[in-house]
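A short write-up of the structure that comes next.
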Amino acid sequence: MKSEPNVFSIDDLSVAADQTTCWDGVRNYQARNSLRDQIKLGDGVLFYHSNVELIGIAGEAVVVREGYPDYTAFDPKDVHFDPRSDPKSPTWYMVDIKFVRTCRGIISLQRLREIPALKQMRVLQRGMRLSVQPVTSGEWRAIMMLPQWT
DNA sequence: GCCAACGTTGGC
DNA sequence: GCCAACGTTGGC
């Protein structure tokens, strides 16, 4: 999951109530499908900092609630309000994630590009803008072997 | 600040 | 249903 740390960072997650947050505001259909259909309770989450000087993986989280309607779409006062999302048949979904740990130093995008096992990783492909992306088990294992987790 | 990538919108 | 225009994302 990608986040701009000046908006919401891994540190923000670590001090949030119950160290948990709802991943609201995703307004892209492909990412919506992941949130609604694919992401399961207990799934690991790589927390990625984007659009910042030090781009890369900043920490780990875990899914603690599976897809449910993103209620911020129903609130006209919310920045993520979307009048087309009908509460009876919601357009947008979110999951809840909980903090697990912070990396000992960001695992930079540059570093990720050097790892052969991550050649196909979605976030490394050009033009990949999705804010929620699947990670394969092979990619997960390769990333978890890095020294920043110890 | 630039600009490539790409999703969305809307005229036809 | 096509596609040009436009807006956003996000690395550089």
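So that the names make sense, note that chain A is the first sequence line, chain B the second, and so on, each numbered from 1.
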Checklist line | Rounded distance (Å) that lies between atom P of C:dT9 and atom CG of A:Leu109 | finding: 18 Å

Notebook entry, point to check: What residues in residues 110-132 of chain A put a non-hydrogen atom under 4.0 Å from any atom of DNA chain C?
Noted result: A:Arg113, A:Arg129

Check: To the nearest angstrom, how far is A:Asp82 atom CG from B:dT9 atom C1'?
Finding: 14 Å

Item checked: Nucleotide C:dG10, atom P - distance to CG of A:Leu54 in whole Å -> 17 Å

Check: Hey, what's the ring geometry for A:Tyr68 with A:Tyr71, parallel, tilted or perpendicular (30° and 60° as the breaks)?
Finding: tilted

Notebook entry, point to check: Could you give the CD1-to-P distance, from A:Ile55 to C:dG11, as a whole number of Å?
Noted result: 4 Å

Check: Over how many whole Å does the gap from A:Arg27 atom CZ to C:dG7 atom C1' extend?
Finding: 17 Å

Next item on the list: Could you tell me the separation between the CD atom of A:Gln133 and the C1' atom of C:dG10, rounded to a whole number of Å?
Entry: 12 Å

Check: Contact class for A:Arg84 vs. all strands (heavy atom < 4.0 Å): base, sugar-phosphate, or nothing?
Finding: sugar-phosphate

Margin query: What I'd like to find out is whether the side chain of A:Met144 reaches to under 4.5 Å of the side chain of A:Glu60, using heavy atoms alone.
Written below: yes

Margin query: Is there a path of hydrophobic side-chain contacts, each under 4.5 Å between heavy atoms of I/L/V/M/F/W/Y residues, joining A:Ile57 to A:Val52?
Written below: yes

Margin query: Any non-hydrogen side-chain atom of A:Val45 less than 4.5 Å from a side-chain atom of A:Val63?
Written below: yes

Item checked: Rounded interatomic separation in angstrom, taking CG from A:Asn6 and P from C:dG11 -> 12 Å

Next item on the list: Please answer whether the main-chain N or O of A:Asp11 pairs with a side-chain N or O of A:Ser9 as donor and acceptor at a distance below 3.5 Å.
Entry: yes

Checklist line | Side chain of A:Gln30 (C-beta onward), nearest among C:dG11, C:dG10, B:dG7 | finding: B:dG7

Note to self: Looking at B:dC6, I'd like to know if its phosphate oxygens (OP1 or OP2) sit under 4.0 Å from a side-chain N or O belonging to A:Tyr29.
What the structure shows: no

Check: Are A:Trp92 and A:Tyr29 close enough that some pair of their side-chain heavy atoms sits under 4.5 Å apart?
Finding: yes

